[in-house]
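Take a look at the structure set out below.
Read the numbers this way: they start at 1 and go in the same order the structure lists the ligands and their atoms.
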Amino acid sequence: MEKTIAVLAGDGIGPEVTQECCKILNAVAEKYGHQFTYTKGRIGAEAIDLTGSPLPAETIEVCEAANAILLGAVGDPKYDDPSLKIRPEQGLLAIRKILALYANIRPVKSNKAIAHLCPIKLKEGETLDYVIVRELTSGIYFGNKEQLEDGNAASDTCYYNIDEIDRITKIGLNLAEKRNKKLCLIDKANVLETSRLWRKVVNQYEKERTDINFSYLYIDNATMQVILNPYQFDVIITSNMFGDIISDESSVLAGSLGMLPSGSYGEDKALFEPVHGSYPQAAGKNIANPIASILSGAMMLRYFGLEKEADHIESAIDLVLEHGLGTEDLQMEHKIGTSQFGDILSSIILDDLTSLNVEKILQQVGTII
Ligand code: IPM
Ligand code: MN
């Protein structure tokens, strides 16, 4: 298979983790006889620094010409000043909107090998496994924004129309159908008009779809339920803002924000990026965890229909973790660097390894941080 992948590495640790993801995609290409061509585009702070815009027109062209987009991370503290008109994050929001990537899928999975990182005690023998479908191109993120009364008041409008809600509900239902047949809508229907519209749409489906178990939670209760009983979830559908919140919270249960991948899908385009941000403090130190980016790459392969290749990446990651190898944040027995993680993973894929000689690997990769 031949595919063109637009790579927008972005800021902070973005370039480092993306490089490891491409390393793994290359290993898959070599192993299975595919050809991936990478085209590059700038986004975020690096794009502002060079061009004055967080999303230059050239980057949009590169994305439009590609079969899929791999994004690193966006954000730099030097643009944190709230009075600034141009900010790196605008690049990310703009690419989502321009390419109409309305459905953001964020799978949440626990991994036994890093259970020690989870701040709450997970139930013995139970694995956490749910999917968040976050609406990504509307809601309060994209409603009208205003600065009022000489900067002493401001407003953000939360807007949704039925079609925007309907297409997310359909995606949630499709996923639930293939999984455990449970769909939970997270909203704030006791207060927000937009949430009541979400309920109306979802209620309609509930009448028709007797094969699916529907549930509804207010966001305040949902954030508590994620801690109290995360096993109750299968597929969550929710608005842009609530999805942003609940996915960061969920990542903590999965062990580390460095573990969660995501895919953002439109009608004919998709973008894959780790849920984590640019983590500028770790940039350039070879300590960032590349797993979220690499798993995002695996989601991209599934989007291309390359299931077996994606499975291979996921099981290779499990194998590395099972052997107590991981980047610093994972607090494993053997701490390895970002690029070393990619090297090990790459050789597992190329050589079809099913077990590892840890001593030998540590000698080979050398650097232990
Ligand atoms: C995310 C991020 C972004 C968002 C930021 C960087 C604009 O937090 O992808 O979750 O809020 O959508
Ligand atoms: Mn977020």
For [X] and [Y], work out which heavy atoms get closest and say how close.
X	Y	result
Gln225	Gln232	OE1-NE2, 2.8 Å
His323	Leu356	NE2-N, 3.4 Å
Val7	Cys22	CG2-SG, 4.2 Å

- Item | Any N/O pair Tyr141/ligand 1 closer than 3.5 Å | yes
- Geometric cation-pi criterion Lys97 and Phe142, 6.0 Å radius, 45° cone: yes
- Message: Tell me the contacting part of Arg106 for ligand 1: side chain, backbone, both, or neither, using a 4.0 Å heavy-atom threshold, strictly below.
- Response: side chain
- His276 contact mode with ligand 1 (heavy-atom cut-off under 4.0 Å): neither
- Message: So, 4.0 Å and heavy atoms of Glu273: is ligand 1 close enough to count as a contact?
- Response: no
- Query: Does Tyr159 have its ring centroid less than 6.0 Å away from the ring centroid of Tyr141?
  - Reply: no
- Item | Count of N, O or S atoms belonging to protein, less than 2.8 Å from the Mn ion (ligand 2) | 1
- Message: Do Leu197 and Arg199 make a side-chain contact, defined as non-hydrogen atoms from C-beta onward lying under 4.5 Å apart?
- Response: no
- Query: Can you hop from Ile24 to Leu8 via hydrophobic side chains spaced under 4.5 Å?
  - Reply: no
- Message: Tell me every residue that passes salt bridge (charged side-chain N to carboxylate O under 4.0 Å, His left out) with Glu193, counting only those two or more places apart in sequence or in another chain.
- Response: Arg196
- Among all protein non-hydrogen atoms, which one is nearest to atom 9 (O) of ligand 1, and what is the separation to 0.1 Å? Arg96 NH2, 2.7 Å
- Message: Using a 4.0 Å cut-off to any heavy atom of Asp244, which atoms of ligand 1 qualify?
- Response: 1 (C), 4 (C), 8 (O), 10 (O), 11 (O)
- Atom indices of ligand 1 within 4.0 angstrom of Arg134 heavy atoms, with elements: 1 (C), 4 (C), 9 (O), 10 (O), 11 (O), 12 (O)
- Query: Considering the options Ile86, Asp11, Ile48, which one meets the side-chain contact (heavy atoms from CB on, under 4.5 Å) requirement together with Tyr79?
  - Reply: Ile48
